[in-house]
Number of protein chains: 2
Amino acid sequence: MRLSNCEDLGSYLRECRREAGLSQADLAARATVSRRWLSDLEAGKPTVEVGLVFKVISALGLFVDCRPAPEPEIGLDAFLDSLGREP
Amino acid sequence: MRLSNCEDLGSYLRECRREAGLSQADLAARATVSRRWLSDLEAGKPTVEVGLVFKVISALGLFVDCRPAPEPEIGLDAFLDSLGREP
DNA sequence: AGGGGTTGTGCACGTACGTGCACACTGGCC
DNA sequence: GGCCAGTGTGCACGTACGTGCACAACCCCT
């Protein structure tokens, strides 16, 4: 599942948790985080700690893959910027 | 590139930054984060904010893919735990 | 030799984090 | 109807965050 922001991440992890048949309390215990924090993560809070996110991902039996987007040689933001320019 | 912790993430993003020919100051400006913070991210600090990490990933023209590991039906941690048990 | 760029890191600052607790709400079950 | 599990969220607490600034160290070039 391709993720580009915290909302995506939170929604995806909630979906995986439910598919695993776990409650927030269950997953929180497995990942050794608080249920309060997990609720924030699933709600898409952007300021949660990366280290805790990795723990949740691991506890759900998932892994993260990161690689270049199949875009032109120039930087993505420069490319999008050039698309966005007014004539 | 498969990532399982903050050290992996930091090392991989530093490598991508260098391959893009950017300094920390350059990338920090593109991602609108501080160079001080970016230095911490690349060093593997686990408590950095996920939202800022997504900004850096995007600024480098990368994307994140998250999906189940090709493991047995049981949870990864239970599986690993069973492997680790003493006879 | 010096100059410049890059990077790691400590400190100060103001803000916010993770956590525990508690409460309210919803839905399912009896 | 009530009961229970699950979840969202505010608050208090102690700690630490992101940021700017500054400095030291290293490397490369002239």
Side-chain angles (χ1 to χ4, degrees), chain A residues 1 3-62 64 66 68 73-78, chain B residues 1 3-62 64 66 68 73-78:
Chain A
M1 164 74 175
L3 306 174
S4 47
N5 57 43
C6 302
E7 284 79 23
D8 289 348
L9 177 67
S11 300
Y12 179 63
L13 293 180
R14 162 174 287 161
E15 183 189 321
C16 291
R17 173 178 63 79
R18 286 173 170 164
E19 284 181 4
L22 299 170
S23 66
Q24 285 185 341
D26 291 333
L27 180 54
R30 283 190 172 203
T32 59
V33 297
S34 72
R35 188 189 70 78
R36 184 68 190 75
W37 178 89
L38 185 56
S39 181
D40 277 342
L41 170 65
E42 292 189 354
K45 190 183 183 197
T47 54
V48 295
E49 292 183 8
V50 172
L52 299 180
V53 175
F54 272 117
K55 288 169 81 178
V56 170
I57 286 170
S58 175
L60 283 168
L62 305 172
V64 174
C66 189
E73 203 66 65
I74 63 173
L76 177 62
D77 52 353
Chain B
M1 163 74 176
L3 306 175
S4 47
N5 58 43
C6 301
E7 284 79 21
D8 288 348
L9 177 65
S11 300
Y12 179 64
L13 293 181
R14 162 174 287 161
E15 183 189 323
C16 292
R17 172 177 64 81
R18 285 173 170 163
E19 284 180 4
L22 298 170
S23 66
Q24 286 186 340
D26 291 334
L27 179 55
R30 283 189 172 204
T32 60
V33 298
S34 72
R35 186 187 74 79
R36 182 70 189 74
W37 177 90
L38 184 57
S39 181
D40 277 342
L41 170 66
E42 291 188 355
K45 191 184 182 196
T47 54
V48 295
E49 293 184 5
V50 173
L52 298 180
V53 175
F54 272 117
K55 289 169 80 177
V56 171
I57 287 172
S58 177
L60 283 168
L62 305 171
V64 174
C66 188
E73 203 66 66
I74 64 174
L76 178 61
D77 51 355

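This structure is a prediction, so every number in the text was calculated from the model and none was measured. Convention: sequence-line order gives letters A, B, ...; per-chain numbering from 1.
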For dT9(C), does either OP1 or OP2 sit under 4.0 Å from a side-chain N or O belonging to Lys45(B)?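 So the side chain of Lys45(B) is outside the cut-off, no N or O lying under 4.0 Å from OP1 or OP2 of dT9(C).
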
So, is Ser39(A) close to the dG8(D) phosphate, meaning a side-chain N or O under 4.0 Å from OP1 or OP2?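 It does, given that an N or O in the side chain of Ser39(A) lies less than 4.0 Å from OP1 or OP2 of dG8(D).
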
Backbone of Cys66(A) reached by a side-chain donor or acceptor of Tyr12(B) within 3.5 Å: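 Yes.
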
Under 3.5 Å: donor-acceptor pair, side chain of Ser39(B), backbone of Arg35(B):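 No, because the side chain of Ser39(B) does not come within donor-acceptor range (under 3.5 Å) of the backbone of Arg35(B).
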
What integer distance in Å separates [X]:[atom1] from [N]:[atom2]?
X	N	atom1	atom2	result
Trp37(B)	dT9(C)	CH2	C1'	17 Å
Leu38(B)	dG8(C)	CG	P	9 Å
Glu42(A)	dT7(D)	CD	P	7 Å
Asp40(A)	dT9(D)	CG	P	8 Å

Arg36(B) side chain, from C-beta outward: closest of dT9(C), dG18(D), dG18(C):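 For Arg36(B), the side-chain atoms sit closest to dT9(C).
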
Would you indicate what Glu49(A) reaches in the nucleic acid, counting non-hydrogen atoms under 4.0 angstrom: base, sugar-phosphate, or nothing?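 It contacts sugar-phosphate atoms only.
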
Nucleic acid contacts of residues 11-29 of chain A, taken as heavy-atom distances under 4.0 Å to DNA chain C: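 Here the set is empty: none.
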
Please compare Thr47(B) and Arg35(B) by the position of their nearest nucleotide in DNA chain D and report the one closer to 5'.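 By nearest-heavy-atom nucleotide position, the 5'-most residue is Thr47(B).
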
Derivation and outcome, salt bridge (Lys or Arg N to Asp or Glu O under 4.0 Å), residues Asp26(A) and Arg30(A): CA-CA 6 Å; Asp26(A) 291 333; Arg30(A) 283 190 172 203; over 6 Å; no

Heavy-atom pair with the smallest gap, counting every atom of Ala31(B) and Ala59(B):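 Closest approach of Ala31(B) to Ala59(B), heavy atoms only: CB-CB, 3.9 Å.
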
Can you name the closest pair of heavy atoms from Lys55(A) and Thr32(A) and give their distance?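 Lys55(A) and Thr32(A) have their closest heavy atoms at NZ-OG1, 3.0 Å.
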
Would Leu41(A) and Leu9(A) satisfy side-chain contact (heavy atoms from CB on, under 4.5 Å), going step by step from the backbone distance to the final call? CA-CA 8 Å; Leu41(A) 170 65; Leu9(A) 177 67; 4.3 Å; yes

